[in-house]
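Working notes, structure below.
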Protein chains: 2
Amino acid sequence: MKLLVDERDAKFVLYEHLNVEELCNYPKYQEFSRDMFDMAISEAEKLAMNEFYPTNRVGDLEGCKFENGIVRVPQAFHRAYQKYCEGGWLAMADPPEVGGQGFPYVVATCCIEFFGAANWSLCMYPGLTHGAARLLYRYGTPELQEKYMYKMFSGEWGGTMCLTEPNAGSDVGALRTKAIRNGDGTYRIEGQKIFISSGMHDLTENIVHMVLARIEGAPPGTKGISIFLVPRLRVEADGSLVDNDVTCLGIEEKMGIHGSATTVLSFGENGNCIGYLMGEENRGMRIMFDMMNEARLSVGMQGLAHASAAYLHALQYAKERIQGTPLEKMKDPAAPRVPIIQHPDVRRMLMFMKSGTEGLRALMYLAAYCIDRAEVAQNDEERELFQGYVDLLIPICKSVGSDLGFRICETAIQVYGGYGYIKEYPVEQFLRDCKIASIYEGTNGIQALDLVGRKLTIKRGQLFKNAWKFSRDVMAKIRKNRRLRDLVAIYDEAQQMLTETTKYFGLKGMTEEFYVPILYAKPYLDFFGDVTLGFLLLWQAHIADKKLQQIFEDHGAKDPAAQRKVIETNKSAAFYYGKIASARYFITQNLTQARGKARAIMSGDTSPLDIPEAGFALD
Amino acid sequence: MKLLVDERDAKFVLYEHLNVEELCNYPKYQEFSRDMFDMAISEAEKLAMNEFYPTNRVGDLEGCKFENGIVRVPQAFHRAYQKYCEGGWLAMADPPEVGGQGFPYVVATCCIEFFGAANWSLCMYPGLTHGAARLLYRYGTPELQEKYMYKMFSGEWGGTMCLTEPNAGSDVGALRTKAIRNGDGTYRIEGQKIFISSGMHDLTENIVHMVLARIEGAPPGTKGISIFLVPRLRVEADGSLVDNDVTCLGIEEKMGIHGSATTVLSFGENGNCIGYLMGEENRGMRIMFDMMNEARLSVGMQGLAHASAAYLHALQYAKERIQGTPLEKMKDPAAPRVPIIQHPDVRRMLMFMKSGTEGLRALMYLAAYCIDRAEVAQNDEERELFQGYVDLLIPICKSVGSDLGFRICETAIQVYGGYGYIKEYPVEQFLRDCKIASIYEGTNGIQALDLVGRKLTIKRGQLFKNAWKFSRDVMAKIRKNRRLRDLVAIYDEAQQMLTETTKYFGLKGMTEEFYVPILYAKPYLDFFGDVTLGFLLLWQAHIADKKLQQIFEDHGAKDPAAQRKVIETNKSAAFYYGKIASARYFITQNLTQARGKARAIMSGDTSPLDIPEAGFALD
């Protein structure tokens, strides 16, 4: 049984839902075909299962070691990382001129799901490298690219993003790392960064840091931040490598992702740390924003990857674990014991996990697909439209991916029962690994502020209007499907409540009570996520229903009994039936609560703000 | 600042909400007074803070060690355990004739919250001992009591409950441990038990196990289970201690509660393990059920204890951690940075934690108080009434306590941000420790089946009718409070929806669709929990509001501005205002969703049951 990703569902999203093979009609992807996509996915699955997955638990148990300024990753990671680089996976979706394979981003996203489900800690290393390499590709000089970029895209060298400082986390504008002009166009970097993932490790000889710093004399706050390439080893003109005065002061002991090195870095302890400006001075925040969508989608992918692995592990366990009798024989002690998947409460938990995982998968792949579509857009209008979808979806991907992913990991533990709590079984690690996703790359609270404070205000809500027009068009088709009528009715109501809540925010935002949308930003984001997942699952159910009806027709199954038989004996029918069941479960159990959620938000209750500090608890 | 339990709120529940000092009017507690309760609580707090709390993190890091059949608990636990025993805390609420202090159970419950918040792993040892000692007290012969019981109530010896076997977890009736009659009234015990908390450790010289086993020839299933006292060291007639052939085969590596030894025990490997029957043959399940309420309330207490500690830690952190500017100065980089408690999203998280923790506290203390009231009841009718409240509340305490407690721990991590994820800070341990509570002593799915399958069917729903009559009487008073009118309206609707859902279950249960209430048992339990917590918080708000109005009057504060000033300067006023805010937050944010939750349950959607196994994921 598959334990990482339900490949059938992944391909359903790619080829039956999003029809990503149509990307091959664009010049950019004309060299590709669905067969090539399938081959890549199949190879990713093999590498993930054979090399990544076996290192997941040992990586958790062994963790990273910090000794004499050196960080050692879990021993088993080296081989898997090597194979990953050899396969060219790191630059799978990057242009051939940088050594990439040029695949659509959505196909790479599917592959990332496999790798992430197998071992997220290990994925952190190439993931950070990729982000840094992309930044260099977009903002670096040809000389710097020549020196550093190719070795990053190949994975020979690592990369990081260095934002956080002890007093500048969410408040990045408060950072204190300094950049002093050397006069030759380079800068001397001085400062300390914390929580730097992959900041020091022994997977690669060199690590290229992208460091946020303030140039002396620059304005305070985010407006005075610049971004610098700061290699651990500097490439000199003659090609030799010179120590660049970047020191690792330690690593963090964490709840999870033990195999990922979270470092404290010090730059310029000896005054010899040289940084190279990326883009222009004081444009650091703008540049970071450009890179942020990829990084945040990646964190959403982490939630999906853990959810996917947690679901499939729990499913396997529920099929194999024998415990208890069937419902109708509860009082017969001699009744044969059955696999726990036969117990209604276990099935309910599995359906929760299934529908959530499939909803997240549809969401992440859709976001990636929109990035591709923005990339191949034929004109500015089209590009802007798809970029708008992306900008709107990203905070949802990041926040809902991490929160719902965590909830799904939690449910996997519950399915395992006592065994879920012990380290001998894999699911408790999924939960611990997943927890960080709601925090890094902007806490989920920050995502909510991004959605409500930025995305909602862009062009007076144009991003939202575009998304709702899109969903109306899709719904117009689904509306004709009589078999989904009850679900459409629930969805319509939920969508209407979301619109009302959004308008309420828009109005409040212009009054003295502008803090109400800020107070309720996170519940609003969650609600937005519900409606989005419900929409995607309903859309999928419609597609699946058409296919299922076709199978019934092919089998001449007209009455319910005959159709049931087809569902129970034909695997395709079972799959499509399962897709409809996912939508049915999610919509009847979750979207039914839309009115209540809207009501909670629009209560506008301000007790959290009104309560005096002493009211939280007496000192 | 207090970091374990908000003592002011604990005392509010005890003396302003439940008026537990009235228990002193009953002969059983006539020796006690509120002063004595306060003194005990104050001592518990000191012991918890000074001895338990400092051992929590070291216990997590050090864990238990298994070497040569011996289990060593974290070294630091010894001294704290010693002090706990010396203080007579283990038998605080037990009768003086067994060496107990005879306190009401509700007062002991308050003390347990302190100890549990400080170090739950350590609490496991006396907790299990207490359960076993109580069982011996109720079902043991005077001879066995003489030999074992007093040393258990004093904590000199430990105790356990041995139910689970590899293939008999939730399905306890499938157990295989055998008891063979020796002919002298004793039994030879043979079998293996797993997941036995405190099954072997070096805190005490001896451990007395209560072991579920089947006597040869007994019926299969739960009807043929008996319960035996099986000491590790047997007390011979001359008082000497003899090895009783109980072997520890190993301990589990767990996600959390590392300081609590979870053991695999083998009984009678050499054929020399003697067990002593408790009560009558084949009455083991009945006896276990008698003991179950205490055990399940204790697990609910674990959720509360972690929630309480997580909330207070997050609150302290939010008051101290400086990050970001106030909302209205967001665009001014020179604006002074503020403690994060000033950010709306952080306040919202804190209010969620506060209201949840206070709701759980009210729930647990109420359940304990009802146990006391059943104990001192003047007649059978009264006893039955209070016992009925207890029986109804217990699955709610256990399941909602563990689930909501976990959610509150999760939120604490979110408040801490990146720091919440690293082991240097305490909150990630709370989350890991808390997770087990939804699993042991009957998974939360089992709790839901208990509520729906057993408690709902007792005397055709009489337990529910009694509870609703009680809440109607309370609400009749609250209804007169105009300042809470909006909250009452939301509560009334929620209560009505719960009643409708309960009736729906009652009706469905009598049809062929009897599986629908079983499928939705857990969502129903959660919904029941929401309404219960909402009721308790609203009740508390009403009490607090009366006190707050009195304070306003005392200060001559008639208009809103004057009243606001009182709230901001008078600590009592701040506290009562905070109580009302808790109710306001919980009811506007949670009970508003009652209609949706009822609708989800009453959708009666059976997709989780209808989906064929292959529909979950193709093999």
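So that the names make sense, note that chain A is the first sequence line, chain B the second, and so on, each numbered from 1.
Closest heavy-atom contact between B:D433 and A:Y421: O-OH, 3.5 Å. The two atoms that bring A:A574 and A:I567 nearest to each other are CB-O, 3.5 Å, heavy atoms only. Shortest non-hydrogen contact noted between A:I518 and B:P344 is CG2-CG, 3.9 Å. Residues A:I422 and A:E428 share a closest heavy-atom pair of O-CG, 3.8 Å. Closest approach of B:N444 and B:A437 over heavy atoms only: OD1-O, 4.2 Å. In plain terms, the two heavy atoms of B:A318 and B:V415 that are nearest each other are CB-CG1, 4.2 Å.
Contact annotation for B:Y576: neither backbone nor side-chain heavy atoms come within less than 4.5 Å of a heavy atom of chain A. For chain A, the nearby parts of B:L350 are the backbone and the side chain; heavy atoms of each come within less than 4.5 Å. Looking at A:A168, the atoms closer than 4.5 Å to chain B (heavy atoms on both sides) all sit in the backbone: N, CA, C or O. Only the side chain of B:R407 comes within contact range of chain A, judged by heavy atoms closer than 4.5 Å. With a 4.5 angstrom heavy-atom cutoff, A:I341 touches chain B only via side-chain atoms. At a 4.5 Å heavy-atom cutoff, the contact between B:S603 and chain A is made by side-chain atoms alone. Of the atoms belonging to B:A594, not a single heavy atom falls under 4.5 Å from chain A. Only the side chain of A:I194 has a heavy atom closer than 4.5 Å to any heavy atom of chain B. In this structure, no portion of B:I580 lies under 4.5 Å from any heavy atom of chain A. Heavy atoms of B:K579 lying under 4.5 Å from chain A are absent altogether. Proximity to chain B is limited to the side chain of A:F406, based on heavy atoms less than 4.5 angstrom apart. Interface remark: B:F195 contributes side-chain atoms only to the contact with chain A (heavy atom separation under 4.5 Å). Looking at B:L312, the atoms closer than 4.5 Å to chain A (heavy atoms on both sides) all sit in the side chain, from C-beta outward. B:L431 touches chain A through its side chain: at least one heavy atom from C-beta onward sits under 4.5 Å away, while N, CA, C and O do not. For B:A614, the parts sitting under 4.5 Å from any heavy atom of chain A are the backbone and the side chain alike. For B:R584, the parts lying under 4.5 angstrom from a heavy atom of chain A are both the backbone and the side chain. Looking at B:D610, the atoms closer than 4.5 Å to chain A (heavy atoms on both sides) sit in the backbone and in the side chain alike. Interface remark: A:L315 contributes side-chain atoms only to the contact with chain B (heavy atom separation under 4.5 Å). With a 4.5 Å cut-off on non-hydrogen atoms, A:A521 does not touch chain B at all. The part of A:F514 that comes within reach of chain B is its side chain, from C-beta onward, which places non-hydrogen atoms under 4.5 angstrom from that chain. In this structure, the portions of B:E613 lying under 4.5 Å from any heavy atom of chain A include both its backbone and its side chain.
The candidate from B:P612, B:G221, B:G417 with the greatest count of non-hydrogen atom pairs under 4.5 Å with chain A is B:P612. Looking only at heavy-atom pairs under 4.5 Å with chain A, the residue among B:K254, B:M255, B:M351, B:Q593 that has the most is B:M255. Contacts with chain B were tallied for A:E568, A:E358, A:Q342, A:K354; A:K354 has the most, counting heavy-atom pairs under 4.5 Å. The most heavy-atom pairs under 4.5 Å with chain B, out of A:N167, A:N590, A:T325, A:D486, come from A:N167. Interface summary for chain A: among B:G173, B:A174, B:G578, B:G256, the most heavy-atom pairs under 4.5 angstrom belong to B:G256. The greatest number of non-hydrogen atom pairs below 4.5 Å with chain B, out of A:Y440, A:Y585, A:Y419, A:F352, is found for A:Y419. Between chain A and the residues B:V346, B:T606, B:L519, the most heavy-atom pairs under 4.5 angstrom are made by B:L519. The choice from A:K597, A:R432, A:Q429, A:R348 that makes the most heavy-atom pairs within less than 4.5 Å of chain B is A:R348. For the set A:S355, A:G615, A:A600, the entry with the most heavy-atom pairs within less than 4.5 Å of chain B is A:A600. Ranked by heavy-atom pairs shorter than 4.5 Å toward chain B, the options A:D6, A:L618, A:T592 are led by A:T592. With respect to chain A, the highest number of heavy-atom pairs below 4.5 Å among B:P219, B:P166, B:A598 belongs to B:P166. Options B:R564, B:E328, B:R595 differ in how many heavy-atom pairs under 4.5 Å they form with chain A, and the most are formed by B:R564.
Annotation for A:K565: atom NZ does not count as buried by contact number, only 12 or fewer foreign heavy atoms lying within 6.0 Å. The environment of B:Q316 atom CD is dense: over 12 non-hydrogen atoms of other residues, nucleotides or ligands sit within 6.0 angstrom. Within 6.0 Å of CD in B:E493 there are more than 12 heavy atoms belonging to other residues, nucleotides or ligands. Around atom NZ of B:K223, no more than 12 heavy atoms belonging to other residues, nucleotides or ligands sit under 6.0 Å away. Other residues, nucleotides and ligands contribute at most 12 non-hydrogen atoms within 6.0 Å of the CD atom of A:E424.
In this structure, CZ in A:R337 is found 11.0 Å from CD1 in A:I322, a value given to the nearest 0.5 Å. Taking CD from A:E7 and OG from A:S308, the interatomic distance works out to 11.0 Å, rounded to the nearest 0.5 Å.
Note on ring orientation: taking the six-membered ring where Trp is involved, the planes of B:F616 and A:Y311 are tilted (angle from 30° to 60°).
A donor and an acceptor atom, one from each side chain of A:Q323 and B:S170, are nowhere located under 3.5 Å apart. Side-chain N/O atoms of B:T443 and A:Q414 include no donor and acceptor closer than 3.5 Å. No hydrogens or angles considered: a donor-acceptor pair under 3.5 Å links the side chains of B:Q589 and A:Y520.
Applying the salt bridge (Lys or Arg N to Asp or Glu O under 4.0 Å) criterion to B:R321, with sequence neighbours excluded, gives no partner residue.
Remark: B:D9 does not engage B:K2 in a salt bridge, criterion side-chain N to carboxylate O under 4.0 Å.
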